[in-house]
Amino acid sequence: MVQSVEAMALARVCTCCRSLVREPYKGLFSGVLQPGFIGGCVEAKRHLLSEDIIRLQEFQQKKLAVAHLAYGSKGNYIEVFSQKLQKNELILRDELKLLLHLCQSADDIMIARDAMVRYNEENRNQLQGDFRFGPVFMRQCYELGMVELAAATVTDKNMRGFFKDATSFNIAIDMLFTKGSYEYALEVLRTMNSQGIPFNKDTLILASGTCYKLNTAESYKICLALIEEGQTKGNFIPRQAFCFAVALAVRQNDIEKAKFLYLQIMNTDSRLCQNLKLVLQIVSGELKDAIAKLSAAVLHKSPPFVKKPEFSQEVIDVLRLQSEDGPLMMKVEQVVTQLEQADQVTQQTLDDMLCRTPSGKRKPAPITIERRTSRRTLKPLQSTLLLE
């Protein structure tokens, strides 16, 4: 039912949208080494935004609280609001805010969307205050899986000026990225740029990730331009954005640019960066340096509880291919065997490492105040630890 309603909704709001083009996945080394050696692996259907940005759990709790306060009137409220739209009556800010938190179905979302369009027409030149409607609507679409509707709404010319924050666009792009609609995600980025919405660090990660997945000459230019523009303005470029750019440069066979981008990563201690470094050495023909890096990882002395460096089986296989029938073949097999015995070879591909869902910020532990008096007697606690 939800699917059919959404399909009809999209037909109403996206009649002018172009068809989505999905580029088939290409291995990281396609066009750089032996074509087709590393076939297309299953695309990672994961989000690039953390829960700190999506805030779905917090949003759902807020919905429950609002529904509790409006208990008994939810159905009536949605129905009354629908009639209000048909009568072309004025929509108030608090009414729309309540409506957005009461939506439970695709039908409700469509009523809310029509209400937003009407509200934007009536209040286009007025401030919305501190409350932002955009992220609430996007989280509703996120919860119900209405990805295309979210993207169509944020790119709708009639909604220009309504989505004034980067979060709304970021959530829409993240949903499209997860679904594999990379061309549409790029269209949302263009809309965001045309409306003058500043790109934040999350936008840069999403944009570079989208360009990496598209893997075209155009997307490569866009990725480089975004990073260069951010650096020119003195903005912080996240490590993940740089890693996407490095991988894309390798896929586009621009090895020198890939090296240049890698050198700009401030902290390269992560497993992803170590694997990218190994990739750059392999595709540059620096096999001795690659072997030395792997040998150092095997001999890496660290406490048992510290995780040792791990390398992707995908990268190891390419190193084997490059050294096959060469003077370094035996040395490569020796060090790879040592890595495998030490459980330092992972089946995760570079694409898996790149398209990871971040864990988000860690919440600080609550500050506990040491109790020095008894709750029962209100007398000082007699403890040898306190006396010390």
Side-chain angles (χ1 to χ4, degrees), residues 23 25-33 35 37-38 40-41 43-44 46 48 177 182 185-186 189 199 201-232 235-287 289-290 292-294 297 309-319 322 346 348-358:
E23 182 81 4
Y25 176 77
K26 301 175 183 177
L28 178 61
F29 301 95
S30 177
V32 179
L33 300 177
F37 171 72
I38 299 182
C41 54
E43 293 189 33
R46 286 168 291 178
L48 295 183
F177 181 91
Y182 308 121
L186 203 59
L189 279 166
F199 286 14
K201 63 181 183 66
D202 297 312
T203 314
L204 289 175
I205 292 174
L206 289 163
S208 57
T210 299
C211 291
Y212 157 79
K213 282 292 191 178
L214 283 170
N215 189 26
T216 62
E218 180 188 6
S219 69
Y220 182 45
K221 291 179 182 178
I222 292 173
C223 183
L224 293 181
L226 286 174
I227 290 180
E228 290 173 2
E229 182 181 357
Q231 290 177 318
T232 301
N235 298 334
F236 170 72
I237 309 296
R239 179 172 62 181
Q240 193 174 1
F242 271 126
C243 289
F244 273 127
V246 170
L248 179 55
V250 172
R251 296 176 77 177
Q252 289 293 309
N253 204 19
D254 193 352
I255 308 304
E256 292 305 316
K257 190 65 175 182
K259 290 181 178 180
F260 176 75
L261 290 167
Y262 184 85
L263 290 175
Q264 298 179 65
I265 301 176
M266 298 297 293
N267 185 356
T268 58
D269 292 336
S270 69
R271 180 177 58 172
L272 172 59
C273 288
Q274 292 303 307
N275 275 268
L276 283 177
K277 177 65 175 178
L278 187 60
V279 167
L280 291 175
Q281 291 173 336
I282 295 173
V283 297
S284 300
E286 302 168 359
L287 299 187
D289 292 336
K293 181 177 181 62
L294 294 176
E310 289 184 341
F311 299 93
S312 171
Q313 183 69 60
E314 177 186 38
V315 180
I316 297 297
D317 289 341
V318 176
L319 177 60
Q322 289 295 87
T346 176
Q348 274 195 321
T349 65
L350 280 171
D351 192 76
D352 293 333
M353 296 180 189
L354 281 163
C355 302
R356 63 178 179 82
T357 303

Test item: [X] side-chain N/O and [Y] main-chain N/O as donor-acceptor pair under 3.5 Å:
X: Ser208; Y: Ile205; value: yes
X: Thr346; Y: Gln348; value: yes
X: Glu310; Y: Arg271; value: no
X: Gln252; Y: Asn215; value: yes

[atom1] of [X] to [atom2] of [Y]: how many Å apart, nearest 0.5 Å?
X: Leu214; Y: Tyr182; atom1: CG; atom2: OH; value: 8.5 Å
X: Ser284; Y: Asp289; atom1: OG; atom2: CG; value: 9.5 Å
X: Thr349; Y: Leu354; atom1: OG1; atom2: CG; value: 8.5 Å
X: Glu229; Y: Ile222; atom1: CD; atom2: CD1; value: 12.0 Å
X: Ser312; Y: Asp352; atom1: OG; atom2: CG; value: 8.0 Å
X: Asp269; Y: Arg239; atom1: CG; atom2: CZ; value: 7.5 Å

Nearest heavy-atom neighbours spanning [X] and [Y]:
X: Thr203; Y: Leu189; value: CG2-CD2, 3.8 Å
X: Val250; Y: Ile255; value: CA-CD1, 4.3 Å
X: Ala249; Y: Lys257; value: CB-C, 4.5 Å
X: Gln322; Y: Leu287; value: O-CD1, 3.9 Å
X: Cys223; Y: Leu248; value: CB-CD2, 3.9 Å
X: Gly209; Y: Leu48; value: CA-CD1, 4.4 Å

With side chain to side chain contact (heavy atoms under 4.5 Å, CB included) as the test, would you mind laying out the steps for Phe199 and Asn235 before giving the verdict? CA-CA 10 Å; Phe199 286 14; Asn235 298 334; over 6 Å; no
Aromatic ring pairing Phe177/Phe244, orientation class (parallel under 30°, perpendicular over 60°, tilted between):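 If you compare the ring of Phe177 with that of Phe244, the planes turn out perpendicular.
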With distance as the sole criterion, is a donor-acceptor pair present between the side chains of Thr268 and Lys277 under 3.5 Å?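 Per modelled atom types, Thr268 and Lys277 side chains form no pair under 3.5 Å.
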Is there a side-chain contact between [X] and [Y] in this structure, where contact means two heavy atoms from C-beta onward sitting under 4.5 Å apart?
X: Cys243; Y: Met353; value: no
X: Tyr212; Y: Arg251; value: yes
X: Leu278; Y: Gln281; value: yes
X: Leu261; Y: Leu224; value: yes

Could you walk me through whether Glu286 and Leu280 pass side chain to side chain contact (heavy atoms under 4.5 Å, CB included), step by step? CA-CA 8 Å; Glu286 302 168 359; Leu280 291 175; over 6 Å; no
Results of side-chain hydrogen bond (donor to acceptor under 3.5 Å, both in side chains) for Tyr262 - residues two or more places apart only: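 If we apply the side-chain hydrogen bond (donor to acceptor under 3.5 Å, both in side chains) test to Tyr262, skipping adjacent residues, there are no hits.
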Given the rule in the side chain to side chain contact (heavy atoms under 4.5 Å, CB included) test, do Leu319 and Val315 qualify, once you have shown the distances and angles that lead to the verdict? CA-CA 6 Å; Leu319 177 60; Val315 180; 5.8 Å; no
